[in-house]
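A short write-up of the structure that comes next.
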Amino acid sequence: MEIGQTFISGESIRARAKELAAEIDKDNAGSDKPLICVCVLRGAAMFYCDVIKHLKSDIRCEFVSVRSYDGMKSCEPVLIQDAEIQKGANVVVVEDIVDTGKTVALMKKRFLSQGANSVKLCSMLARKEGVADYIGFVFDTDKFFIGYGLDYNQSYRNMDGVYELIP
């Protein structure tokens, strides 16, 4: 495996996270519903922290763990650790990447069944427009990315930026 050039710098990701937090705040302004921000572990942890530290809304933090990759191959998502969602809450799920959309569908179905008022998705990366309510960066490629929480077999998460992993 070889690490390619920087795809997105850590600085750009942090700046975009601040903008997304402002969008989330704007959308939740005036709501009397609790706002719950759910981090999809492990990949979204770095981006999640970048987003929530800029939110002005009062939030509750929750965490879920979902396995959706085996090496470089996407697989059927499996919920490993669940979160408890307060009935009537507005939920923002923070993801590292929306690839197939299967994890998003699993989270939405799960939280709505627990009584969430709404479930929105905030993703650092997305393979196409319209797959999340708040998207950091859209890329139209089948490349495999690492860094800033994205991993290959649990490695490379701590890189300050997103890089292509070349097989």
Side chains of [X] and [Y], heavy atoms from C-beta outward: is any pair under 4.5 Å?
X	Y	value
Met107	Val91	no
Phe111	Val64	yes
Leu150	Met124	yes
Ile166	Glu164	yes
Val131	Val104	no

Problem set entry | Under 3.5 Å: donor-acceptor pair, side chain of Ser123, backbone of Leu125 |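 A pair under 3.5 Å: yes.
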Exercise. Just by distance, do the side chain of Thr6 and the backbone of Ser9 share a donor-acceptor pair under 3.5 Å?
Worked result: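 No, because the side chain of Thr6 does not come within donor-acceptor range (under 3.5 Å) of the backbone of Ser9.
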Exercise. Could you walk me through whether Asp27 and Tyr134 pass the side-chain contact (heavy atoms from CB on, under 4.5 Å) check?
Worked result: CA-CA 11 Å; Asp27 288 352; Tyr134 311 100; 2.6 Å; yes
Rounded to the nearest 0.5 Å, what separates atom [atom1] in [X] from atom [atom2] in [Y]?
X	Y	atom1	atom2	result
Arg127	Asp99	CZ	CG	4.0 Å
Ser118	Lys108	OG	NZ	9.5 Å
Ile13	Asp160	CD1	CG	7.5 Å
Asp25	His54	CG	NE2	11.0 Å
Asp151	Leu165	CG	CG	10.0 Å

Looking at [X] and [Y], what are the two nearest heavy atoms and their distance?
X	Y	result
Gly88	Asn117	O-CB, 3.2 Å
Glu95	Thr103	OE2-CG2, 3.2 Å
Leu55	Ala21	CD2-O, 3.4 Å

Exercise. For Arg16, what residues pass the side-chain contact (heavy atoms from CB on, under 4.5 Å) criterion, not counting sequence neighbours?
Worked result: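 Once residues adjacent in sequence are excluded, the partners of Arg16 under the side-chain contact (heavy atoms from CB on, under 4.5 Å) criterion are Glu19, Leu20, Glu23, Phe137.
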Would you be so kind as to tabulate the donor-acceptor pairs closer than 3.5 Å made by side chains of residues 142-149, with sequence neighbours excluded?
{"from": "Tyr148", "atom 1": "OH", "to": "Arg14", "atom 2": "NH1", "distance (Å)": "3.4"}
{"from": "Tyr148", "atom 1": "OH", "to": "Asp50", "atom 2": "OD2", "distance (Å)": "2.3"}

Return a table of donor-acceptor pairs under 3.5 angstrom between the side chains of residues 31-49 and protein atoms on other chains or two or more places apart.
{"from": "Ser31", "atom 1": "OG", "to": "Lys33", "atom 2": "N", "distance (Å)": "3.1"}
{"from": "Ser31", "atom 1": "OG", "to": "Asn90", "atom 2": "ND2", "distance (Å)": "3.2"}
{"from": "Arg42", "atom 1": "NH1", "to": "Gln154", "atom 2": "OE1", "distance (Å)": "3.0"}
{"from": "Tyr48", "atom 1": "OH", "to": "Cys37", "atom 2": "O", "distance (Å)": "2.8"}

